[in-house]
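So the structure is just underneath, and the comments pick up after that.
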2 protein chains.
Amino acid sequence: MGGEVKSNKKVVLKNYVTGFPRETDMEVVTDGEGFKFPEGGGGGVVLKNLYLSCDPYMRSRMSKHDEPSYVPDFVPGSVITGFGVGKVLHSDHPNFKVGDFVWGMTGWEEYSLITSPESLFKIKYTDIPLSYYTGLLGMPGFTAYVGFYEISSPKKGEYVFISAASGAVGQLVGQFAKLMGCYVVGSAGSDEKVDLLKNKFGFDEAFNYKKEEELGLTLKRYFPEGIDIYFENVGGAMLDAVLLNMRLHGRIAVCGMISQYNLEKPEGVHNLMYVVAKRIRMQGFIVFDHYHLYSQFLETTVSYIKEGKITYVEDVAEGLENAPSALIGLFSGRNKGKQLVVVARE
Amino acid sequence: MGGEVKSNKKVVLKNYVTGFPRETDMEVVTDGEGFKFPEGGGGGVVLKNLYLSCDPYMRSRMSKHDEPSYVPDFVPGSVITGFGVGKVLHSDHPNFKVGDFVWGMTGWEEYSLITSPESLFKIKYTDIPLSYYTGLLGMPGFTAYVGFYEISSPKKGEYVFISAASGAVGQLVGQFAKLMGCYVVGSAGSDEKVDLLKNKFGFDEAFNYKKEEELGLTLKRYFPEGIDIYFENVGGAMLDAVLLNMRLHGRIAVCGMISQYNLEKPEGVHNLMYVVAKRIRMQGFIVFDHYHLYSQFLETTVSYIKEGKITYVEDVAEGLENAPSALIGLFSGRNKGKQLVVVARE
Ligand SMILES: NC(=O)c1ccc[n+]([C@@H]2O[C@H](COP(=O)([O-])OP(=O)(O)OC[C@H]3O[C@@H](n4cnc5c(N)ncnc54)[C@H](OP(=O)(O)O)[C@@H]3O)[C@@H](O)[C@H]2O)c1
Ligand SMILES: NC(=O)c1ccc[n+]([C@@H]2O[C@H](COP(=O)([O-])OP(=O)(O)OC[C@H]3O[C@@H](n4cnc5c(N)ncnc54)[C@H](OP(=O)(O)O)[C@@H]3O)[C@@H](O)[C@H]2O)c1
């Protein structure tokens with residue numbers, strides 16, 4: 001295979017984005033030169049990309065930052081990178097052999113050369129849908145695990161609220177919280193998603209935040225005794241409403257603030273004084289810091305899946321052509337469940 | 001003494017306050033009926049009040065709350081209550097005897113009947129100025145101790161920033177942080193206070209925030225590598241500037257937000273997304289939850305005082321007549337150091 005050249009379709013960022021991203025900020029091109037398999041000896045691995053993950057943090061990478069962010073900016077004219085699942089077609093690395101399935105950082109293209117394959121996870125359970133390694137068993141699912149068990153200090157019987165609850169992370173946080181014996185309420189942006197939360201994921205209650213006039217009162221209705229744990233995915237007005245409704249010694253796992261990602265100036269949050277009065281802990285976290293817990297997460301979650309205790313909903317876009325639209329759909333809530341893109345099915 | 005009646009001057013709240021409190025929101029009156037010493041058997045203690053503490057949280061008690069706050073509202077027409085130091089003139093309680101000095105919740109008046117004296121602390125070290133039990137060895141000093149050692153997880157060599165740094169709490173936080181081997185910078189509202197911070201309390205640096213154009217840049221200048229610990233006393237724009245300048249895994253001990261206490265609607269804080277990117281922990285606390293640590297704090301701090309390792313600056317108002325003005329002075333920064341009121345010197 002060394003030296004072989006294959007045609008390689010890819011998604012490229014056209015220019016840095018300000019405000020809401022549009023499909024036209026990206027371009028699907030077929031590289032004129034094609035993908036050339038390495039001759040060997042470089043220590044890298046060639047992946048055939050199967051499933052690509054659309055994740056909100058990618059929005060940040062589409063902007064130019066004067067100061068380095070926690071993830072590097074994309075480079076206009078270059079292929080977009082992100083988490084994905086692939087099959088090893090060629091390996092110069094002792095940890096990987098041809099035919100292995102892996103997940104980790106790859107390119108939004110048909111074939112990628114991974115020059116530092118140490119960062120890839122070899123997929124141990126291939127009897128589970130491989131696409132799950134973009135969601136349930138990949139970065140977002142692991143985020144749910146870390147954010148809930150490690151950051152929120154949950155206890156049986158506590159009152160848990162989750163925003164963007166039907167998404168890649170939220171749906172799993174809710175199920176973990178139910179398994180722990182918590183009372184769980186989620187918010188989402190459509191009635192269909194609310195239905196998923198209640199009838200598919202087993203949340204105790206759920207509401208469509210777009211239909212509520214005053215989120216503070218809505219939360220008071222669902223949490224007459226207040227919220228012990230808020231799993232924060234959206235920020236802005238929802239955070240303000242939550243602060244009003246937290247219980248004493250409550251915890252906020254600050255996972256993300258998607259409602260702010262496309263604003264030039266983030267909205268103001270007004271109710272922070274409740275952090276004092278209610279002795280609240282707000283704890284930000286980034287899943288990358290916790291990779292040492294990945295195999296513990298994997299074993300726990302795979303058991304739950306096999307026992308039928310956990311379910312997962314994916315929203316699948318077909319083909320790299322549809323990747324830009326799938327990605328930007330996250331910011332209007334078009335995705336129902338984990339948004340991913342199929343590049344190839346093996 | 002039982003049955004004896006003494007004239008009793010007191011400070012009364014005239015009406016609930018909105019916005020900035022004014023001297024005229026309070027009134028100094030001499031009770032027509034006077035103070036009648038109990039006949040005995042009630043389990044209470046009569047205090048002659050010596051020193052009264054002016055504390056920012058009292059502002060909250062001057063407003064009417066629809067939902068109960070963490071401290072009850074004052075009642076218009078009734079005496080204001082707060083922390084103070086007193087001498088026991090009469091005791092029906094086995095823990096206290098005539099002549100004891102105590103600190104704790106008392107009235108803003110000459111004599112107070114404390115019906116639940118269990119909440120009072122008997123003063124163990126009377127060789128230290130008794131007024132210190134309104135500040136350095138009282139509630140504010142203990143707040144500094146709890147907020148720094150228990151909430152901030154400090155480590156030697158870390159970069160510490162303190163707002164309202166010359167005040168009752170802040171001046172002590174800075175000295176504790178220096179004793180731990182941290183780099184310490186404080187902000188305050190006048191050049192005279194900045195001078196105190198640098199030359200009296202031993203802060204490494206200090207600045208007058210009122211003279212700075214852009215607090216984010218100011219903090220960048222003092223913390224080129226970022227802030228590990230922010231001891232939050234003021235909220236608002238300063239918090240936003242700090243969030244920009246926090247280091248990875250930084251901690252914010254959220255003690256108070258005095259810049260917001262007189263606003264009808266609190267300002268918005270915009271930079272909370274840094275809580276995620278920098279994995280920040282913001283932890284609110286109320287000193288009352290930590291009273292089990294008081295004697296540990298006392299012994300540590302008294303040793304430091306005796307070794308000359310800690311100093312303390314008080315701002316002393318003479319007489320109950322000056323108490324209203326001393327209290328409201330907190331909100332314009334008129335106090336230099338711990339604001340207290342002398343009712344009587346023994
Ligand atoms: N800290 C970490 O390490 C880490 C790792 C992964 C993800 N995250 C964060 O976790 C959050 C959820 O990520 P995910 O992958 O699970 O995404 P997701 O929920 O699957 O997709 C994004 C969802 O966010 C909601 N949304 C979009 N714009 C919104 C707005 N303006 N206001 C309120 N909701 C909005 C939409 O759902 P609705 O229809 O319900 O509005 C949308 O479906 C994001 O904030 C992400 O950045 C953090
Ligand atoms: N959580 C708890 O248990 C607890 C316990 C005690 C105190 N606290 C809080 O700790 C903080 C400090 O209390 P303290 O007793 O030490 O008071 P203090 O600092 O002795 O006095 C208040 C000081 O706040 C500053 N200030 C007033 N208005 C301001 C504004 N708009 N913006 C910025 N600064 C302003 C002034 O100093 P400058 O001249 O420097 O502006 C003023 O001297 C307060 O927020 C208080 O509520 C909390």
Side-chain angles (χ1 to χ4, degrees), chain A residues 56-57 60 65 67-71 143 146-147 151 216 220 226 232-237 239-240 243-246 248-261 263-290, chain B residues 56-57 59-60 65 67-71 143 146-147 151 220 226 232-237 239-240 243-246 248-261 263-290:
Chain A
Y57 80 91
S60 164
H65 291 86
E67 299 207 31
S69 174
Y70 67 102
V71 278
T143 300
V146 166
I151 306 293
K220 181 152 219 75
E232 166 66 304
N233 284 321
V234 304
L239 177 54
D240 255 336
L243 285 165
L244 276 177
N245 284 283
M246 289 297 284
L248 287 192
H249 305 289
R251 288 132 269 148
I252 301 181
V254 193
C255 177
M257 299 193 169
I258 193 169
S259 74
Q260 309 299 303
Y261 296 174
L263 306 182
E264 280 313 280
K265 181 180 163 79
E267 292 174 278
V269 171
H270 299 270
N271 293 328
L272 286 169
M273 187 52 202
Y274 286 105
V275 170
V276 182
K278 297 180 175 176
R279 298 79 151 162
I280 293 168
R281 171 161 61 85
M282 289 181 69
Q283 174 79 63
F285 70 101
I286 296 279
V287 66
F288 312 150
D289 295 341
H290 302 266
Chain B
Y57 81 91
R59 171 62 189 81
S60 163
H65 292 86
E67 297 206 32
S69 174
Y70 66 102
V71 279
T143 300
V146 167
I151 306 293
K220 186 156 217 73
E232 165 66 303
N233 284 322
V234 304
L239 177 54
D240 255 338
L243 286 164
L244 276 175
N245 284 284
M246 289 296 286
L248 287 192
H249 305 288
R251 288 132 270 147
I252 301 181
V254 192
C255 178
M257 299 193 168
I258 194 170
S259 74
Q260 309 297 303
Y261 295 174
L263 307 181
E264 280 312 281
K265 182 181 162 79
E267 292 173 278
V269 170
H270 299 269
N271 292 331
L272 287 169
M273 187 54 201
Y274 286 105
V275 170
V276 181
K278 297 181 176 176
R279 298 80 151 162
I280 293 168
R281 171 163 60 86
M282 289 180 70
Q283 174 77 64
F285 70 100
I286 296 281
V287 65
F288 311 151
D289 295 342
H290 302 265

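Everything numeric in this text was worked out from a predicted model, so none of it was measured. Each chain gets a letter, A, B and so on, in the order the sequences are listed, and its residues count up from 1.
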Any heavy-atom pair between the side chains of [Y] and [X] that's under 4.5 Å?
| X | Y | value |
| --- | --- | --- |
| A/R281 | B/M282 | no |
| A/Q260 | B/M273 | no |
| A/H270 | B/E267 | no |
| A/L272 | B/L272 | yes |

(request) Look at B/G235, B/P266, B/G256, B/G236 and state which one has the largest set of heavy-atom pairs under 4.5 Å with chain A. (result) B/P266
(message) Only pairs of heavy atoms separated by less than 4.5 Å count here; which of B/S60, B/A277, B/C255, B/G268 has the most with chain A?
(response) B/G268
(request) Give, for atom CZ of A/F288 and atom CZ of B/R279, the distance between the pair rounded to the nearest 0.5 Å. (result) 8.5 Å
Below 4.5 Å from any heavy atom of chain B, which atoms of [X] appear? Answer side chain, backbone, both or neither.
| X | result |
| --- | --- |
| A/I286 | both |
| A/L239 | side chain |
| A/K278 | neither |
| A/Y261 | side chain |

(message) Test of understanding: with salt bridge (charged side-chain N to carboxylate O under 4.0 Å, His left out), list the residues that count as partners of A/E67, not counting sequence neighbours.
(response) B/K220
(request) Check whether B/I280 gets within reach of chain A through its side chain, its backbone, both or neither, counting any heavy atom under 4.5 Å. (result) backbone
(message) Tell me every residue that passes side chain to side chain donor-acceptor pair (under 3.5 Å) with A/H249, counting only those two or more places apart in sequence or in another chain.
(response) none
